[in-house]
Amino acid sequence: MPIRDGAEQASANARDCQSVTTPDALIPARVWLTARQTGEFEADGRAVAWTPRQVRARYDDPHGRTGYAWVWSSAVTRR
């Protein structure tokens, strides 16, 4: 994933002092993201970690590239 088109990240400050859960098996999810050049899109992905308010998602963008991003939990639904 080129850095110039990486997804915007949710606030890192909101993760400070929060416990991060990492599952044994990745959870299939749909994720709404905004990338710098691609714009907004919804992607198939997997939840790889989460806090009470954010999810770290692995996703495939519309160009077939795999990326990782911390997003707000409201931007993620289980598949």
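Bear in mind the structure is a predicted one, so any value in this text is a computation, not a measurement.
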List in chain and number order the residues that pass side chain to side chain contact (heavy atoms under 4.5 Å, CB included) with Ala69, two or more places apart in sequence or in another chain; answer none if no residue qualifies.
Ala7, Gln9, Leu33, Tyr59, Val71
Would you say Gln37 has more than 12 foreign heavy atoms packed within less than 6.0 Å of its CD?
yes
CZ (Arg53) with more than 12 external heavy atoms under 6.0 Å:
no
Heavy-atom closest pair (Gln54 atom, Ser11 atom, distance to 0.1 Å) is NE2-O, 2.9 Å
Listed partners of Thr38 passing side-chain hydrogen bond (donor to acceptor under 3.5 Å, both in side chains), at least two apart
Asp5, His63
Could you check Arg15 against Val20 for side-chain contact (heavy atoms from CB on, under 4.5 Å), going step by step and ending with a plain yes or no?
CA-CA 8 Å; Arg15 289 189 302 277; Val20 176; 5.8 Å; no
Same apolar cluster: Trp70 and Trp32, side chain cutoff 4.5 Å:
no
Mind checking whether Trp72 and Val31 sit in one hydrophobic cluster, side chains of I, L, V, M, F, W, Y counted as touching below 4.5 Å?
no
Kindly indicate, with the supporting measurements, whether the criterion side-chain contact (heavy atoms from CB on, under 4.5 Å) is fulfilled by Arg65 and Asp60.
CA-CA 5 Å; Arg65 303 173 298 201; Asp60 294 324; over 6 Å; no
Which donor-acceptor pairs under 3.5 Å do side chains of residues 42-50 form with protein atoms, sequence neighbours excluded?
| residue | atom | partner | partner atom | Å |
| --- | --- | --- | --- | --- |
| Glu42 | OE1 | Arg30 | NH2 | 3.4 |
| Asp44 | OD1 | Arg30 | NH1 | 2.7 |

Using modelled atom types and a 3.5 Å cut-off, is there a donor and acceptor pairing between side-chain atoms of Arg78 and backbone atoms of Ala29?
no
Spatial distance of atom OG1 (Thr22) from atom CZ (Arg56) [nearest 0.5 Å]
10.0 Å
